Amino acid sequence: RITGDGLSLINVTGTLNFSDLNIANNGGTGLIVANSKVNNFTLGTTGGAIDTTNGTAINLDPLSINMVLNSVSATGGAYGILLDQVLGNFTVTGAVNVSGVTGAGISVRDNSALGVLFQGAVAINNTAGAGVLLTNNAGATVDFTGGLGIVTTTGTGFASTGGGTISVTGSGNTITTGNAAGFILSGITVAAGGVTFDQITAAPTMGTAVGAVSVNLAGSLNIGGLNLDAANNAVVFSNLAGAGSVNLTGTLDIDSGVGFSFSGALGTINIANTAGSSLTIDGAQQAIRFLNVTGGTVNVASSAGSAAINGSVNSAIDLSGDTGGTLNYGGTINAAQGSVLNAANSLANVTLAGAITSTTAGAAFNFANADGNYTISGNVGHTGGAGVAIDAASAGGITFSGASKTFSTGNNAAITTAGPAPLSFSRRGLRLTTITGTGFAASGGPPVLVHRASNPLASRNAPALSLHGVALAPAGVPFPHITP
């Protein structure tokens, strides 16, 4: 092993080809090409290995290449591999091992016509910088096919932004970060082969833990497990296009400010929607947020799997400014502080099919200028603040169809609706109990339907039932027991 740079080419022109390029060095860069500008230099290899300690293994900037290497190893430098303004093809057929670097384990940046292929297992460990950093690569492709394992201390695990096409296939792909984002895609294309990770673990105190924004999904994004503790956003999906879908399976454990934030066009996103998958969101400000969603469908444990939202501070499900989109949530909700569902200025459609328990001091179900369709088919048990509050600007259809719908609201109104939104309580089991709050108040012309009998209503020191200018459905509003 030599000391210093292994092979250094500075401001060279012409063509240089190696059948096998083998470098072992310490304290410098294994292979460095540093040209002040693109100057018609082409470097080719058909095999070989580069092994660098206390330095960067490969630093190419700029040139044309047609390189095949058998393996690359780097420890303790600024980078493991850096490809900057490179044209051509770069392939490593075997293992890539990078550890202890301060910059990025693999950095590919500012490339317009480059194909990068890692066919062997890639292991990036204990980097202070990013694990894999792909930036501004419009027209370039980067593919990992032999397995990818990333562990960072303070750097982002995997980030691809600003153009280019990527794929990550094979098995055993994992990301573990400390105080940093785990996985970020922005303004890129996922190739038809897709991107697959078995597990992503991250705990950033700022920013987003996992995100895909303005991504063209020619293939699918598949993540088989999440363990996220994020102060701000755990998962962000926004402006997704293409034929691919997003599929989050396995064990998904999230503690964050916002669990899932959705905006723009979404395509199809499946979360814990396969047998054996589970989602748990604990203590989030908002567990699931639709913010300016324009279209697409999010399925959360709606056909298989399980989900649980526990202790959201502001709201378990929050909708705001949406012009489209559908959320199908099949899990349970335990709202101890914030509302179960808050829909404001939204056209999104929501189905909540799991059991709901609420002890919030605010309104459990709040609708303000809510014009989507909302179906709550799970059992509801609420004790605390107002039960259902619908303002005069809401025109969407609201249906509670669970077998049990219990609202005990003390000094707060149990059910109030003031606008044109159709409100329906189907099946038996609507029970309203208040002390000084109104039991059931409807005004302003909304169609109101309460199905079947056995719907007791009790209000001690306030009107139990107040109907003003409403249209009753043919079955009427059957409260067989009203206790004023």
Side-chain angles (χ1 to χ4, degrees), residues 1-35 38-101 103-109 111 113-125 127 131-134 137 140-150 168-170:
R1 186 182 297 273
I2 66 171
T3 299
D5 294 338
L7 175 60
S8 177
L9 304 170
I10 310 296
N11 290 323
V12 292
T13 61
T15 299
L16 179 61
N17 291 316
F18 294 90
S19 57
D20 282 299
L21 177 60
N22 295 292
I23 298 172
N25 71 301
N26 176 63
T29 300
L31 169 63
I32 180 170
V33 178
N35 291 327
V38 176
N39 55 5
N40 298 317
F41 175 55
T42 300
L43 175 64
T45 64
T46 58
I50 299 179
D51 181 358
T52 301
T53 58
N54 298 308
T56 298
I58 299 172
N59 182 346
L60 305 181
D61 173 25
L63 73 160
S64 297
I65 61 173
N66 187 10
M67 293 184 65
V68 177
L69 294 170
N70 303 116
S71 64
V72 177
S73 177
T75 63
Y79 297 91
I81 298 172
L82 172 61
L83 306 178
D84 186 354
Q85 302 180 73
V86 177
L87 304 175
N89 294 284
F90 179 87
T91 300
V92 182
T93 60
V96 174
N97 292 289
V98 179
S99 64
V101 299
I106 295 173
S107 178
V108 182
R109 67 191 186 198
N111 300 289
L114 175 66
V116 179
L117 174 60
F118 295 98
Q119 294 179 310
V122 176
I124 301 172
N125 292 301
T127 63
V132 173
L133 186 61
L134 315 175
N137 292 304
T141 62
V142 180
D143 302 305
F144 296 84
T145 63
L148 175 59
I150 298 171
V168 180
T169 57

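As the structure is a computational prediction, the values presented were derived from the model and not from experiment.
Applying the side chain to side chain contact (heavy atoms under 4.5 Å, CB included) test to Ala104 and every residue at least two apart in sequence or in another chain returns Tyr79, Ser107, Ala130, Leu133. Under the side chain to side chain contact (heavy atoms under 4.5 Å, CB included) criterion, Ile2 pairs with Asn25, not counting sequence neighbours. Scanning for ring pair (Phe, Tyr, Trp, His ring centres under 6.0 Å) contacts around Phe90 gives an empty result, with sequence neighbours left out.
In this structure, the separation between CD1 on Ile58 and CG on Leu7 is 11.0 Å, given to the nearest 0.5 Å. Rounded to the nearest 0.5 angstrom, Asp20 CG and Thr45 OG1 are separated by 8.5 Å. To the nearest 0.5 angstrom, Ser64 atom OG is 4.5 Å from Leu87 atom CG. For the atom pair Thr91 OG1 and Leu117 CG, the distance stands at 4.5 Å (nearest 0.5 Å). Separating the CG atom in Leu31 from the CD1 atom in Ile81 is a distance of 10.5 Å, to the nearest 0.5 Å. The distance from atom CG of Asp61 to atom CG of Asn111, rounded to the nearest 0.5 Å, is 9.0 Å.
Taking 4.5 Å as the limit, some side-chain heavy atom of Ile32 sits within range of a side-chain heavy atom of Asn59. Counting heavy atoms from C-beta outward, Thr29 and Thr52 have side chains that stay 4.5 Å or more apart. The closest side-chain heavy-atom distance from Leu9 to Phe41 is below 4.5 Å. Using a 4.5 Å heavy-atom cutoff, the side chains of Gln85 and Asn35 are not in contact. Under the 4.5 Å side-chain criterion, counting only non-hydrogen atoms from C-beta, Val116 is not in contact with Asn137. Put simply, the side chain of Ile124 reaches to within 4.5 Å of the side chain of Val132, judged on heavy atoms.
Leu63 pairs in a side chain to side chain contact (heavy atoms under 4.5 Å, CB included) with only one of the listed residues (Val86, Asp84, Thr42), which is Val86.
In summary, the side chains of Ser73 and Asn97 do not present any donor paired with an acceptor at a separation below 3.5 Å, with no hydrogens or angles considered.
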Evaluate the criterion side-chain hydrogen bond (donor to acceptor under 3.5 Å, both in side chains) for residue pair Asn66 and Asn89; output intermediate values, then yes/no.
CA-CA 5 Å; Asn66 187 10; Asn89 294 284; 4.7 Å; no
From CA spacing to verdict: side-chain hydrogen bond (donor to acceptor under 3.5 Å, both in side chains), Thr53, Asn26
CA-CA 5 Å; Thr53 58; Asn26 176 63; 2.6 Å; yes
Walk me through it: do Phe118 and Leu148 pass the test side-chain contact (heavy atoms from CB on, under 4.5 Å)?
CA-CA 9 Å; Phe118 295 98; Leu148 175 59; over 6 Å; no
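Minimum heavy-atom separation, Gly80 to Ala74: CA-CB, 3.8 Å.
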